[in-house]
Protein chains: 2
Amino acid sequence: MPSASSNPSETRPSGSRADDPDTHRTGGLDGGSVPDGAHFSFVGSGIGGVGIDDVARLAGVSTATVSRALRGLPEVREATRARVRRAAAELNYVPSPSAASLASGRTRTIGLLTASFSRWFNRNVVEGAEERLRAAGYDVLLHAFDFSLDGSRAPIDMSAMRQRVDGVIVLGIPLSPDERRTLDELSVPMVFVGTGPPDHVRVSMNDHEGSRIAIEHLAALGHRRIGQIGAKVPYDSRWSSAAERHEGTIAALAELGLEYDESLETFGDYTQAGGRAAAAALLDAHPDMTAIFAYSDEMAFGALEELRARGIRVPEEMSVIGVDGHELSSLIRLTTVAQDARAQGDAGATLLLEMIAGAHVGRDVRFPVALVDNGSTAAVSMSSRA
Amino acid sequence: MPSASSNPSETRPSGSRADDPDTHRTGGLDGGSVPDGAHFSFVGSGIGGVGIDDVARLAGVSTATVSRALRGLPEVREATRARVRRAAAELNYVPSPSAASLASGRTRTIGLLTASFSRWFNRNVVEGAEERLRAAGYDVLLHAFDFSLDGSRAPIDMSAMRQRVDGVIVLGIPLSPDERRTLDELSVPMVFVGTGPPDHVRVSMNDHEGSRIAIEHLAALGHRRIGQIGAKVPYDSRWSSAAERHEGTIAALAELGLEYDESLETFGDYTQAGGRAAAAALLDAHPDMTAIFAYSDEMAFGALEELRARGIRVPEEMSVIGVDGHELSSLIRLTTVAQDARAQGDAGATLLLEMIAGAHVGRDVRFPVALVDNGSTAAVSMSSRA
DNA sequence: TTGTACGCGTTATCAG
DNA sequence: CTGATAACGCGTACAA
């Protein structure tokens, strides 16, 4: 018997536990005229319908004391608190979050807006943030958006979060100006992870440094014609990790005295398929290219696919480097600039909780990166493809 | 991986935010003695204070009519509905979910209990389910549990879901009897995806068929000594996909007249590292083994790592086959029994919504599987490792 | 330290 | 088709 009915008053799993005093009506103040057990209302009742006043009655205190005791407020005598706890446990009482939210204005829920889990970074950040938030007693409302980054996506209705969350984490989504505005109007603390506008708290890896490491590594191997697989930046080019990795690349090339060729830049939009297509375009247009720098491991994987399809050997004929430190980069043999995405999720959540608690936090947190050489890069060979 | 202690850097102190002096909820209705110079535009910025009675007043109707009109109930004249809609839009009104839940008993929220996203299957199911649920107007409460399947994990407190959700999806978690009981006591509709007990609605791939396909494929290539990398089943061995894949394997071997050797079975617990360790154990104990069947692609990836480390060539010296159809199985060259995890998430969510609507749904939904040959299997060679 | 009583913002009932 | 109003279950000033 699957409990398929949404009406709890008819199909209840009966006779399981004898100590469950259900059919308790909670409205003890008014109608004594209603026969016990009469279902004149099917709202709000889960299985037990055990309310705070049931606990109060059993513990011999007022509902206010129950509320204070169970929430750990300091002004309750320990003996009283223990008695209340015992009563609550005996009745299997769980406070109604809806009622608590309505009365207090707090929801103990965090909105987690994220781009698709197909991105390694996103899913790892979500895991790190979720664990931290739940450990702190917060629920996580997940909104995952699967869209192409190249502009054309349905606008996100931020007002759906109204009154639902105490804070918001935005993960890997370049918001439109309009979305940013409506999000600001929620007037709850907000943290951006991976990519985010200035004048907002943001957690991400050190994007400039990551690009510098990649470019310097390739340059040290003698590469001069380096193709880039990046991502289009839809609204505001200043912020977003893609923009910063691009800036970092240009800066690194300049530092090394290498020429920057805009035509060596393509866009894979952080997907494997996009990375492959971008690699194909680069290979077609630049026979003299000897190395590819992809802004994510997944795009680099796509590039490796295309190279294999064309019979171009890695690293002998083409060096490839990615960003992330994907757990399969070793098996696939992709050299990469690794970051700790899970720790960034944890940090973002921690910052958000501090902001909710009223603390002032720094505007920006950048995480370190490190090169992991898995053998997809090598010195420029004499046997050019050209 | 970067350093284990990935320390973030440079937390700049926040500059002064001139525009945000602790925006608190304004009473709105009673503020008669507001000093001059106060911004009267707090209504326009739409923060918090707009309630259903504000809309009712502007539209010239009662709050009850506003509620009915905005929820699309049929008993409202279209002209009235339009007027209400206009008023609501003008005031930027968003109903309070807490108040609605308290009054109606419904939360329009689904609890999504899932094992770690490190599993390909889980993250894809979550994506499919989340998209479907949000399209139906439901919010998704995410609870991700990162635990080892081999028994020792902290018990999940299901009562935290009480009064918070209208339904629950359990994904890839073998629940303890105690957890099952407390979950049942929520008395909300419930769907299991990937693995789940009998007498509950369940969506998963056809596990028996998957094993049969894998074993028949290997047997047709002449393999007789086939190692298995499965997963431990903690509580109840009858349900869970791991148990069914195991059953299917034994059945397939029997059909083919092949011997079943229990010592050829190991446990990788659905992780890459676990798969690698399991493969190592198999290789040590069975020099005559010529093929490995892993119950997931990620475990198979781990096996491939171990084989590479030992210099054993795939598929010349060892055939390997996995289950899932991971997006990197092609690049990695892993032959696999593919399933559509996203569709299963979608189906699970759809079933749950139907159950919430009061429909009776079938007990079991099984998704088809298909062999994808990516070249990690071959006929048994004469040049044995032994 | 504890109790009283009101209000949070909707929905559902019942009467028009 | 619409209006008035009583719950919904808890948090929290204020009082004791």
Side-chain angles (χ1 to χ4, degrees), chain A residues 7-8 24-31 33-34 38-46 48-57 59-84 88 91 93-108 162-164, chain B residues 25 27-30 48-57 59-84 88 91 93-108 162-164:
Chain A
N7 186 340
H24 252 54
R25 301 263 343 124
T26 57
L29 297 180
D30 57 336
S33 61
V34 181
H39 303 275
F40 72 93
S41 166
F42 50 84
V43 297
S45 58
V50 185
I52 196 173
D53 26 38
D54 296 304
V55 179
R57 210 171 301 127
V61 296
S62 73
T63 61
T65 299
V66 173
S67 175
R68 290 187 277 244
L70 259 32
R71 282 182 302 146
L73 296 195
E75 65 254 33
V76 183
R77 198 195 307 158
E78 275 312 315
T80 310
R81 194 193 302 280
R83 202 146 32 93
V84 170
L91 294 177
Y93 166 71
V94 175
S96 155
S98 303
S101 296
L102 190 55
S104 71
R106 285 172 235 110
T107 63
R108 294 206 71 82
R162 267 243 195 100
Q163 306 278 59
R164 292 234 65 169
Chain B
R25 355 178 3 124
L29 300 179
D30 58 345
V50 187
I52 196 173
D53 26 40
D54 296 306
V55 179
R57 209 172 301 124
V61 295
S62 72
T63 61
T65 298
V66 173
S67 175
R68 289 186 279 244
L70 259 32
R71 282 183 300 152
L73 297 194
E75 65 256 33
V76 182
R77 200 197 305 157
E78 275 312 314
T80 309
R81 195 192 302 278
R83 202 147 32 95
V84 170
L91 294 176
Y93 166 71
V94 176
S96 154
S98 302
S101 296
L102 188 58
S104 71
R106 283 170 237 112
T107 63
R108 295 206 71 83
R162 267 246 194 97
Q163 305 278 61
R164 292 235 66 171

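Chain letters run A, B, ... following the sequence lines, proteins first, then strands; residues in each count from 1. All values derive from a computational prediction rather than experimental measurement. Only heavy atoms go into these numbers, but all of them, side chains included; no hydrogens, no water, no symmetry mates.
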Among [options], find the nucleotide with the atom closest to the side chain of [X].
X: B:Glu75; options: D:dT2, D:dG3, C:dT11; result: D:dT2
X: B:Ser104; options: C:dT10, C:dA12, D:dG11; result: C:dA12
X: B:Ala103; options: D:dA4, C:dG3, C:dG9; result: C:dG9
X: B:Thr63; options: D:dC10, C:dG9, D:dT5; result: D:dT5
X: B:Leu102; options: D:dG9, D:dT5, C:dT2; result: D:dG9
X: B:Arg68; options: D:dC8, D:dT2, D:dC10; result: D:dT2

Remember a base hit wins even if backbone is also touched, and classify A:Val66 as base, sugar-phosphate or nothing at under 4.0 Å, heavy atoms.
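Nothing: the residue A:Val66, judged by heavy atoms under 4.0 Å, touches no strand.
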
Heavy atoms under 4.0 Å, any strand shown: does B:Ala64 hit a base, just sugar-phosphate, or nothing?
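Base: the residue B:Ala64, judged by heavy atoms under 4.0 Å, touches a nucleobase.
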
Value in whole Å for how far the [atom2] atom of [N] lies from [atom1] of [X]:
X: B:Leu91; N: C:dG9; atom1: CG; atom2: C1'; result: 15 Å
X: A:Arg81; N: C:dT2; atom1: CZ; atom2: P; result: 9 Å
X: B:Arg164; N: D:dC8; atom1: CZ; atom2: P; result: 20 Å
X: B:Arg71; N: D:dT2; atom1: CZ; atom2: P; result: 15 Å
X: A:Ile52; N: D:dG11; atom1: CD1; atom2: C1'; result: 8 Å
X: A:Leu70; N: D:dG11; atom1: CG; atom2: C1'; result: 13 Å
X: A:Gln163; N: C:dG9; atom1: CD; atom2: C1'; result: 9 Å
X: A:Arg57; N: C:dG3; atom1: CZ; atom2: C1'; result: 15 Å

For [N], take OP1 and OP2 only and decide whether either is under 4.0 Å from a side-chain N or O of [X].
X: B:Thr65; N: D:dG3; value: yes
X: A:Thr80; N: C:dT2; value: yes
X: A:Arg77; N: C:dT2; value: yes
X: B:Ser62; N: D:dA4; value: no
X: A:Arg108; N: D:dG11; value: no

Once rounded to the nearest 0.5 Å, what's the spacing between atom [atom1] of [X] and atom [atom2] of [Y]?
X: A:Arg164; Y: B:Ser96; atom1: CZ; atom2: OG; value: 9.0 Å
X: A:Thr63; Y: A:Arg68; atom1: OG1; atom2: CZ; value: 8.5 Å
X: A:Leu73; Y: A:Arg81; atom1: CG; atom2: CZ; value: 7.5 Å

Shortest non-hydrogen contact between A:Ala99 and B:Leu102, atoms and distance:
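The answer is CB-CD1, 3.7 Å.
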
Can you name the closest pair of heavy atoms from B:Val66 and B:Val55 and give their distance?
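Shortest heavy-atom contact: CG1-CG1, 3.9 Å.
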
Would the base of D:dG11 count as contacting A:Arg106 through its side chain, where contact means a donor and an acceptor less than 3.5 Å apart?
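Such a pair does not exist between side chain and base.
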
Is a side-chain donor or acceptor of B:Arg108 paired with a backbone partner of B:Ser101 at a separation under 3.5 angstrom?
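It does not hold such a pair.
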
